[in-house]
Amino acid sequence: MRYVVIDRGDDHSQQLSERFHTLAAAQGFTPDEHQPDIVISIGGDGTLLEAFHKYVHLLDQVSFIGVHTGHLGFYADWQAHELDTLVMKMAEDKPQYVRYPLIEVVSNTPDGSDRYLALNEFTLKGVEGTLVASIHINDELFEMFRGDGIVVSTPSGSTAYNKSLGGAVIHPSIESLQIAEIASINNRVYRTLGSSVVLPKHHHCDIVSAKESQRLALVVDHITIERNDIRSLRCTVSDKKICFARYRPFPFWRRVRDAFLVEP
Ligand code: NAP
Ligand code: MN
């Protein structure tokens, strides 16, 4: 088994990372940061987002495992004190592979296009003033948006930024994307639905800039890209998925309950 560990960088996470290397060596696992089979993220959900983007080019061959060193994580199912159990299970058991949908965003500029994959969401915001854009669903104009921004999230990202905006929590087995608004201005010219919408996999959504050149911030999970030449963005559910290796069940609704409703 070839593995790599990505940690949050704080003392506790670094210590656990060292401990993981020691336990892994005893089992004969090989550290390999270039061609890993398994990516272990030690920290929070933000650490797993970093690990995802670092190995996004290897999605077809790697699976992810999250260890949380802070509060309970949505992507991190193992606690710090369970590291020995995890390594033992990795050596002895066959994991179940669980795959979650991702969203793909293609930005179109006069000079070409760029493609991004998001695990949580992608957010479009105006940098100077409000964002003005039309939203098209399946090539038909849907609404004219003016406001702070638009968030397009994956099912597993629906519990993050999307939830703060009043979006629905979507089970990751439902291949879909959700479009939520950030502070839309509503009057006779700019009118939006207000509620978030959920599109199935075979639909697509275009966000078309309504100004000749507006400075936009495109935030892919935790990565911000600023540009003033974006004409439009196409959002779809990607054909690619992220794969998690599960050595024990980690039910989504239990995670939602434990994170938002009751102390586990
Ligand atoms: P951060 O500011 O540390 O993250 C904000 C919080 O979101 C953290 O508590 C993080 O958990 C949690 N989180 C991340 N993914 C989640 C998920 N899928 N479900 C539930 N909670 C989740 O920044 P970050 O760690 O780099 O994470 C980037 C994410 O922050 C973005 O993808 C976006 O979803 C979220 N965000 C939220 C808001 C908002 O709610 N108003 C605004 C901007 C960004 P950890 O502490 O375990 O990392
Ligand atoms: Mn974080």
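We use all heavy atoms of the structure for the numbers below, so side chains are in, but hydrogens, waters and symmetry mates are not. These figures come from a predicted structure and were not determined experimentally. In each ligand, atom 1 is the first atom listed, and ligand 1 is the first ligand listed. Along the sequence shown, the residues carry numbers beginning at 1.
- Where the criterion is an N or O separation shorter than 3.5 Å, residue side chain and backbone included, H222 fails it with respect to ligand 1.
- Scanning all protein heavy atoms for the shortest distance to atom 32 (O) of ligand 1 gives E121 OE2, 2.5 Å.
- At a distance under 4.0 Å, no protein heavy atom can be found next to atom 2 (O) of ligand 1.
- If you look at D45 next to ligand 1, the close heavy atoms, those under 4.0 Å, come from the backbone and the side chain alike.
- The closest side-chain donor-acceptor pair between T69 and R8 falls under 3.5 angstrom.
- S164 OG, 2.5 Å is the protein heavy atom nearest to atom 40 (O) of ligand 1.
- Proximity of atom 48 (O) of ligand 1 to the protein is indicated by at least one non-hydrogen atom lying closer than 4.0 angstrom.
- Among all heavy-atom pairs drawn from L117 and H53, the shortest one is O-CE1, 3.2 Å.
- Assignment of K163 to the shell around ligand 1 is not supported, since no heavy atom sits closer than 4.0 Å.
- Every atom of ligand 1 is numbered from 1 in the order shown, and the set under 4.0 Å from a heavy atom of D221 is 31 (C), 32 (O).
- Against a heavy-atom cut-off of under 4.0 Å, Y75 is close to the following atoms of ligand 1: 18 (N).
- For an aromatic pair to be called close, the ring centres must be under 6.0 Å apart, and H21 with Y3 satisfies this.
- Taking atom 15 (N) of ligand 1 as the reference point, the nearest protein heavy-atom neighbour is N120 ND2, 2.9 Å.
- Closest to atom 19 (N) of ligand 1, if we only count protein heavy atoms, is T159 OG1, 2.7 Å.
- Summary of contacts: the protein heavy atom closest to atom 46 (O) of ligand 1 is H71 NE2, 3.3 Å.
- Distance alone, capped at 3.5 Å, is enough to place a donor-acceptor pair between the E82 side chain and the Q79 backbone.
- Aromatic pair Y75/F52: ring centres not closer than 6.0 Å.
- The hydrophobic cluster containing L216 does not contain V208, counting ILVMFWY residues as joined when their side-chain heavy atoms lie under 4.5 angstrom apart, directly or transitively.
- Distance screen at 4.0 Å: atom 10 (C) of ligand 1 has no protein heavy-atom neighbour inside the cut-off.
- Of the possible polar contacts, none joining the Q27 side chain to the V87 backbone as a donor-acceptor pair under 3.5 Å is found.
- Side-chain atoms of E181 and T192 include a donor-acceptor pair closer than 3.5 Å.
- Atom 44 (C) of ligand 1 has its closest protein heavy atom at Y161 CD1, 3.9 Å.
- Without hydrogens or angle criteria, D93 side chain to P95 main chain gives no donor-acceptor distance under 3.5 Å.
- The nearest heavy-atom contact from the protein to atom 24 (P) of ligand 1 is G46 CA, 4.0 Å.
- Side chain of D229 to main chain of T109: no donor-acceptor pair is present (N/O by atom type, distance under 3.5 Å, no hydrogens or angles).
- Heavy-atom proximity to S156, at under 4.0 Å, picks out these atoms of ligand 1: 18 (N).
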Inset, instruction - Any chance you could lay out the ring-ring contact (aromatic ring centres under 6.0 Å, His included) test for Y55 and F64, step after step, and finish with the verdict? - result: CA-CA 10 Å; Y55 289 97; F64 291 80; 7.3 Å; no
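- Closest to atom 7 (O) of ligand 1, if we only count protein heavy atoms, is A160 CB, 5.0 Å.
- For atom 28 (C) of ligand 1, the candidate residues are T47, T69, V151, L49; the nearest heavy-atom contact is made by L49.
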